[in-house]
Amino acid sequence: MIRHLPLAAFVALLAAGPQWLPEFHITLLNYIGLYAIVAIGLVLLTGVGGLTSFGQAAFVGLGAYTTAWLTTQFGYSPWATLLIGLALTGAVAFLLGFITLRMGGHYLPLGTIAWGISLYFLFGNVEFLGGHTGITGIPTVSLLGWELKSGDEFFYLIWLVVLLAILGVRNLLDSRQGRAIRALKGGGVMAEAMGVNTPRTKIVIFLIAALLACLSGWLYAHLQRFVSPTPFGINMGIEYLFMAVVGGIGHVWGAVLGAGLITVLKQWLQDWLPHILGQSGNFEVIVFGIAMVLVLQKARDGLWPVLLRLLPASARQRRLVDAEALPRRSPAAAGSVLLTAEGVTKRFGGLVANNNMSLSVQAGEVMALIGPNGAGKSTMFNCISAVNPASEGKIAFLGESTAKLRSRDIARRGMSRTFQHVRLLGQMSVLENVAIGAHLRGSKGVLAAALRLDRGEENRLLAEAAKQIERVGLKEHMFDAAGSLALGQQRIVEIARALASDPCLLLLDEPAAGLRYQEKQALAELLRKLRGEGMGILLVEHDMDFVMGLADRVVVMEFGEKLAEGEPEAVQRDPKVLEAYLGGVE
Ligand code: ADP
Ligand code: MG
């Protein structure tokens with residue numbers, strides 16, 4: 001309850017606002033609300049998703065101009081034009097997103113600048129949109145028969161939208177889809193290997209951000225009852241990004257804080273700087289630039305986390321609810337062949353990391369892939385799981401060629417893996433990291449998550465994650481940030497994550513590295529148990545005692561090629577293997 005006190009106080013203050021605040025402050029708050037709606041979208045897109053957009057102002061313009069034009073020229077109801085505006089923005093954003101989101105690195109921000117500028121000039125130069133003079137005479141909005149004529153009245157509508165947007169985005173982030181979104185920044189490869197469709201997820205958050213911007217534009221048009229191109233230019237696009245960054249790029253409430261700070265500061269600077277400097281001009285932009293650099297220097301995550309630290313730490317532990325177990329896939333017949341790789345070659349430019357490699361894994365066996373560092377074992381894993389597909393060769397999983405499959409398709413068919421260089425989301429809890437592994441065992445979408453209609457499924461996913469965490473022996477770390485664990489334990493978290501997908505084939509890349517003796521024993525025990533249940537396990541490991549005590553068959557690699565294959569005892573006696581490992585001492 002205590003946790004919700006600040007929010008309740010904030011809402012109460014807002015609700016009472018128009019009774020006691022002067023009109024000028026209400027106007028300011030209206031603008032803060034409008035900007036915050038756009039900034040909330042940017043927190044999701046840029047802060048959480050890692051996709052930088054300078055072009056959000058153009059979507060605000062799209063929402064504003066659609067309603068301005070259709071209501072004044074054709075007498076449409078504002079509510080109808082809201083829907084049309086959202087549909088139009090959705091279509092434009094889908095198209096732009098489809099083109100620009102595929103561009104990596106700095107191409108995306110550049111792309112957003114390009115379309116931000118294009119749309120701005122479109123508004124200014126199309127005759128029927130009023131050119132640079134804009135459109136006047138936009139009608140008021142009526143809500144359930146209540147006409148919102150004044151800023152005071154509009155205030156309620158704006159802040160209702162702000163609060164709903166915050167609630168929706170927060171709900172979304174705390175869900176199956178939300179975990180996929182949070183994995184985009186820095187965890188794309190891992191997310192794909194866990195079955196997340198990352199290109200689709202990027203488009204989804206791009207659309208949400210654009211639709212929120214459009215909504216803000218619609219509100220703006222009916223508040224002002226006048227639109228011109230100026231507020232939808234690239235300057236404003238940059239300012240929106242400022243707001244999100246200054247407020248707290250990864251925090252939904254930071255958007256409100258940022259919008260508030262920048263708006264008030266701008267107002268204040270515009271009033272005072274000309275007095276101080278004795279001449280007029282847009283000096284506030286310079287101050288903003290400097291302030292931005294300072295914030296990025298001193299508080300990289302923005303000001304919201306700084307504010308949060310002032311509040312008493314609230315118990316953030318999530319309650320786990322008992323939930324019905326998720327359905328499991330039907331197991332492969334014992335001894336049936338799960339995986340075959342034949343003639344697999346992988347080149348990195350001139351380097352041949354895998355050369356004509358072949359191996360197979362059956363249900364209910366542990367196959368170990370061993371060899372000196374740089375032999376090409378991890379590369380082989382990447383070929384098999386299509387994280388980095390082979391240049392040549394045939395790989396079949398469950399009798400189906402994987403040549404045309406992406407890593408997420410292979411994950412869906414029942415192969416899961418860990419990474420030698422641990423790929424966890426360090427800020428997220430162990431529970432949430434492991435739950436990403438269960439992504440494909442849920443189906444609820446973004447809308448269901450935003451509206452909290454996904455709780456039944458979410459509880460089952462989290463219960464599954466918790467079960468796997470317990471199984472690998474990390475129960476007491478369930479709610480700790482994954483990044484705070486020892487490296488050896490982080491590898492075990494990766495195993496739990498892989499198990500959460502209910503695989504029939506498990507690929508483990510050096511799972512025992514960094515573990516203590518007892519921990520290795522426990523891991524071996526777990527793997528034996530999994531084997532007993534019929535799972536196929538392909539294992540890369542350097543600890544020979546560990547491998548030889550566990551593996552049913554061993555493939556030895558050297559310089560990208562297969563050196564030997566067979567049962568552990570035979571391989572251990574193989575002179576070629578001894579040569580490779582011991583330099584032929586014996
Ligand atoms: P292992 O896992 O057996 O230690 P790797 O498969 O990681 O070996 O590496 C095999 C060889 O391929 C090494 O020489 C490594 O430098 C090279 N290699 C691996 N990944 C890449 C990559 N993405 N680009 C270029 N070279 C790579
Ligand atoms: Mg390796």
Side-chain angles (χ1 to χ4, degrees), residues 104-105 186-193 198 339 341-361 366-393 395 402 406-407 410 415-424 487-488 490-495 497-498 505-515 520 523 527 537-548 550-551 553-566 568 571-572 574 576-583:
V189 171
M190 176 278 289
E192 279 278 327
T198 52
L339 176 80
E342 275 168 48
V344 171
T345 296
K346 176 72 185 176
R347 292 187 204 88
F348 295 108
L351 178 92
V352 186
N354 282 168
N355 189 15
N356 197 23
M357 270 297 296
S358 50
L359 57 80
S360 70
V361 186
V366 175
M367 160 65 100
L369 186 59
I370 64 171
N373 266 328
K377 306 177 296 294
S378 296
T379 304
M380 190 67 194
F381 265 36
N382 287 342
C383 292
I384 293 170
S385 59
V387 161
N388 201 344
S391 316
E392 279 166 35
I395 299 175
T402 62
R406 288 157 300 206
S407 67
I410 294 179
M415 186 193 301
S416 200
R417 64 167 294 176
T418 66
F419 293 89
Q420 179 183 356
H421 301 287
V422 176
R423 290 180 189 258
L424 295 173
L487 201 57
Q490 294 191 22
R491 292 178 184 286
I492 302 295
V493 175
E494 289 229 333
I495 298 178
R497 185 179 65 199
L505 177 63
L506 192 58
L507 270 53
L508 304 176
D509 201 344
E510 305 199 12
L515 293 188
K520 283 187 187 179
L523 175 61
L527 297 185
I537 299 171
L538 180 59
L539 176 81
V540 166
E541 188 45 61
H542 281 300
D543 182 331
M544 280 308 128
D545 291 337
F546 185 88
V547 169
M548 294 304 169
L550 187 67
R553 289 191 298 141
V554 181
V555 166
V556 188
M557 282 184 85
E558 194 189 20
F559 303 124
E561 298 186 8
K562 184 152 80 178
L563 195 64
E565 175 169 9
V571 164
Q572 268 174 308
D574 190 317
K576 278 183 299 189
V577 176
L578 291 171
E579 171 84 21
Y581 268 86
L582 307 168

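Order of listing sets the numbers, starting from 1, for every ligand and every atom in it.
A salt bridge links R497 and E494; the closest N-O separation between the charged side-chain nitrogens and carboxylate oxygens is under 4.0 Å. Between R553 and E565 there is a salt bridge, since at least one side-chain N of the basic residue sits less than 4.0 Å from a carboxylate O of the acidic one.
Under the side-chain contact (heavy atoms from CB on, under 4.5 Å) rule, M415 has a single partner from L505, L506, L538, V361, which is L505.
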Which protein N or O atoms sit under 3.5 Å from any N or O of ligand 1? Give each pair with its distance.
{"from": "ligand 1", "atom 1": "2 (O)", "to": "S378", "atom 2": "N", "distance (Å)": "2.9"}
{"from": "ligand 1", "atom 1": "2 (O)", "to": "S378", "atom 2": "OG", "distance (Å)": "2.9"}
{"from": "ligand 1", "atom 1": "3 (O)", "to": "A375", "atom 2": "N", "distance (Å)": "3.2"}
{"from": "ligand 1", "atom 1": "3 (O)", "to": "G376", "atom 2": "N", "distance (Å)": "2.9"}
{"from": "ligand 1", "atom 1": "3 (O)", "to": "K377", "atom 2": "N", "distance (Å)": "2.8"}
{"from": "ligand 1", "atom 1": "3 (O)", "to": "K377", "atom 2": "NZ", "distance (Å)": "2.8"}
{"from": "ligand 1", "atom 1": "4 (O)", "to": "G374", "atom 2": "N", "distance (Å)": "2.8"}
{"from": "ligand 1", "atom 1": "6 (O)", "to": "S378", "atom 2": "N", "distance (Å)": "3.4"}
{"from": "ligand 1", "atom 1": "6 (O)", "to": "T379", "atom 2": "N", "distance (Å)": "2.8"}
{"from": "ligand 1", "atom 1": "6 (O)", "to": "T379", "atom 2": "OG1", "distance (Å)": "2.5"}
{"from": "ligand 1", "atom 1": "8 (O)", "to": "G376", "atom 2": "N", "distance (Å)": "3.2"}

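Among residues two or more places apart in sequence or in another chain, the side chain to side chain contact (heavy atoms under 4.5 Å, CB included) test is passed with E558 by P372, L563, A580. Legend: residues meeting side chain to side chain contact (heavy atoms under 4.5 Å, CB included) with V571, ordered by chain and number and at least two apart, are V554, V556, V577.
S385 and R417 make their closest contact through OG-NH1, 2.9 Å (heavy atoms, listed as atom of the first residue, atom of the second, distance).
Here the Mg ion (ligand 2) has protein N, O or S atoms under 2.8 Å from it, and they come to 2.
For the pair D543/K520, a side-chain contact is recorded, criterion being any heavy-atom separation below 4.5 Å from C-beta on. Looking at E541 and L508, their side chains never come closer than 4.5 Å, going by heavy atoms from C-beta outward.
Other residues, nucleotides and ligands contribute over 12 non-hydrogen atoms within 6.0 Å of the CZ atom of F348.
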